[in-house]
Amino acid sequence: MELLAWVDCYPGAGDGIHAKKAKWTEGGMAANLAQAIARLGGKVALSSVMGDDPIGDQAVDHLREAGVDVEYVFRREDLISPVVVLMVDPELKRAGLVLGVEQDAKLKSGEIPDALLKSSRIFFTDMQPPKTSLQVAKRAKELGLVVAYDMQMTEAHTNIPGFNKHIDRHFEITDYYFADQENFLTWMDERDLRAGCEKLLETHPEKTLVITKGKKGSLIATTAG
């Protein structure tokens, strides 16, 4: 779940910023995508970890109501379900505090069976948790699935050491790569979006790049004619 808070500016050290309005909503990159697919009539399953708390109940209920297969959403006892407190400024830029799953309770590769992968055509991951995500993505690739991957953010925008290494490893095996413009340019060490896409497709012509640009829409880059 996400708690959205619309603010005039982000708080600094010692600040106490009041939100103009706030709203609870479902969140998470993979969960949002799963709901969208289900509401459009597609068949989709989500694999994740939730706590055995009211927040987890609400999140799973929303997914189920949308038509998402939640058989592989695992409920851990005595675990607080993931929550993101997301601040949105007037330019629609976002910054958030992520209350994630404890390390020993994170999703394990073995909890996602090959039978589930074999019944699918596409495996999408938001790289959470990174090691499990990479292991399952490799299994999916070996089984002939299309792999889609949303980078979300680079190491510069998160406090997870070595995060860029996970990004690089996921990118190598992905077919469809998603990122927002700011994090893409940071990862590529580029200033120009078009130049960054062209540079990446020169060495990886088999990839399709989907770069979001906030309220300016999205860019799809591919070498396909």
Side-chain angles (χ1 to χ4, degrees), residues 1-5 7 10-11 13 16-17 19 22-39 43-88 94-117 119-120 123-140 149-155 157-167 169-170:
M1 299 295 295
E2 288 183 347
L3 178 59
L4 302 181
V7 297
Y10 299 143
I17 300 298
K23 179 182 179 180
W24 277 104
T25 183
E26 302 97 285
M29 190 68 67
N32 287 342
L33 179 63
Q35 281 215 37
I37 292 172
R39 292 185 185 280
K43 187 177 181 181
V44 58
L46 176 71
S47 187
S48 184
V49 167
M50 295 286 181
D52 59 348
D53 54 11
I55 291 176
D57 293 340
Q58 187 175 355
V60 172
D61 286 345
H62 286 169
L63 290 164
R64 186 182 291 111
E65 289 169 6
V68 177
D69 182 346
V70 293
E71 180 181 351
Y72 301 96
V73 175
F74 300 97
R75 310 296 300 275
R76 309 284 203 231
E77 292 184 4
D78 301 320
L79 179 73
I80 296 175
S81 292
V83 174
V84 177
V85 180
L86 196 62
M87 293 175 289
V88 185
R94 300 170 297 171
L97 173 65
V98 181
L99 308 179
V101 174
E102 300 166 12
Q103 184 62 41
D104 58 354
K106 291 182 183 295
L107 187 68
K108 306 296 190 297
S109 175
E111 292 179 305
I112 304 178
D114 280 349
L116 176 61
L117 297 175
S119 70
S120 308
F123 173 74
F124 173 87
T125 178
D126 60 4
M127 208 171 80
Q128 295 298 328
K131 291 183 179 180
T132 295
S133 172
L134 183 61
Q135 291 169 354
V136 179
K138 287 180 176 179
R139 288 166 51 203
Y149 158 55
D150 194 307
M151 183 180 78
Q152 298 200 72
M153 60 188 65
T154 61
E155 192 169 325
H157 292 285
T158 187
N159 58 341
I160 302 177
F163 198 67
N164 281 359
K165 292 182 180 179
H166 295 302
I167 294 173
R169 290 165 182 162
H170 276 76

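Below, all heavy atoms of this structure are taken into account, side chains as well, without hydrogens, waters or symmetry copies.
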Query raised in the report: Okay, side chain of S120, backbone of L116: is any donor-acceptor separation there less than 3.5 Å?
Result: yes

Query raised in the report: Can any side-chain N or O of Y10 pair as donor or acceptor with the backbone N or O of V88 at less than 3.5 Å?
Result: no

Report summary line: Note: A34 and V44 closest approach over all heavy atoms is O-CG1, 3.3 Å

Query raised in the report: Would a 4.5 Å heavy-atom cut-off, applied to side chains only, mark M87 and R94 as touching?
Result: no

Query raised in the report: For V83, which residues count as a side chain to side chain contact (heavy atoms under 4.5 Å, CB included) partner, sequence neighbours excluded?
Result: W24, I55, L99

Query raised in the report: Tell me, which pairs form a salt bridge (charged side-chain N to carboxylate O under 4.0 Å, His left out) where one or both residues lie in residues 67-76, sequence neighbours left out?
Result: D57-R75, R76-E111

Query raised in the report: Can you name the side chain to side chain contact (heavy atoms under 4.5 Å, CB included) partners of E65, sequence neighbours left out?
Result: D61, H62

Report task. May I ask you to check whether S133 and H170 show a side-chain donor-acceptor distance below 3.5 Å? Result -> yes

**Report entry** Residue pair Q35 / R39, side-chain donor-acceptor N/O under 3.5 Å
**Finding:** yes

**Report entry** All side chain to side chain contact (heavy atoms under 4.5 Å, CB included) counterparts of D150, not counting sequence neighbours
**Finding:** M29, F124, Q152, F178

Report summary line: Looking only at heavy atoms, the pair that brings A66 and A38 closest together is O-CB, 3.2 Å

Requested in this report: May I ask you to test the Y149-I167 pair for a side-chain heavy-atom distance under 4.5 Å?
Outcome: yes

Query raised in the report: Are the side chain of R139 and the backbone of I112 linked by a donor-acceptor contact shorter than 3.5 Å?
Result: yes

Report summary line: Looking only at heavy atoms, the pair that brings A59 and M50 closest together is CB-CE, 3.8 Å

Report task. Please check if atom NZ in K108 has more than 12 non-hydrogen atoms from other residues, nucleotides or ligands closer than 6.0 Å. Result -> yes

Report task. Flag yes if more than 12 heavy atoms outside L117 fall under 6.0 Å of its CG atom; otherwise flag no. Result -> yes

Query raised in the report: Any side-chain heavy atom of M1 within less than 4.5 Å of one from Q58?
Result: yes

Query raised in the report: Looking only at heavy atoms, which two atoms of V7 and A19 are closest? And how far apart?
Result: CG1-CA, 4.2 Å

Query raised in the report: Are the side chain of K131 and the backbone N or O of P129 linked by a donor-acceptor pair below 3.5 Å?
Result: no

Query raised in the report: In chain order, what residues pass the side chain to side chain contact (heavy atoms under 4.5 Å, CB included) check against K165, with sequence neighbours excluded?
Result: R169

**Report entry** Residue list, side-chain hydrogen bond (donor to acceptor under 3.5 Å, both in side chains) with N32, at least two apart or on another chain
**Finding:** none

Query raised in the report: Just wondering, more than 12 heavy atoms not from K106 lying within 6.0 Å of its NZ?
Result: yes

Query raised in the report: Shortest non-hydrogen contact from D53 to L79?
Result: OD2-O, 3.6 Å

Query raised in the report: Closest approach of D126 and A30, non-hydrogen atoms and distance?
Result: OD2-N, 3.4 Å

Query raised in the report: Are any of the side-chain heavy atoms of F74 and S47 separated by less than 4.5 Å?
Result: yes

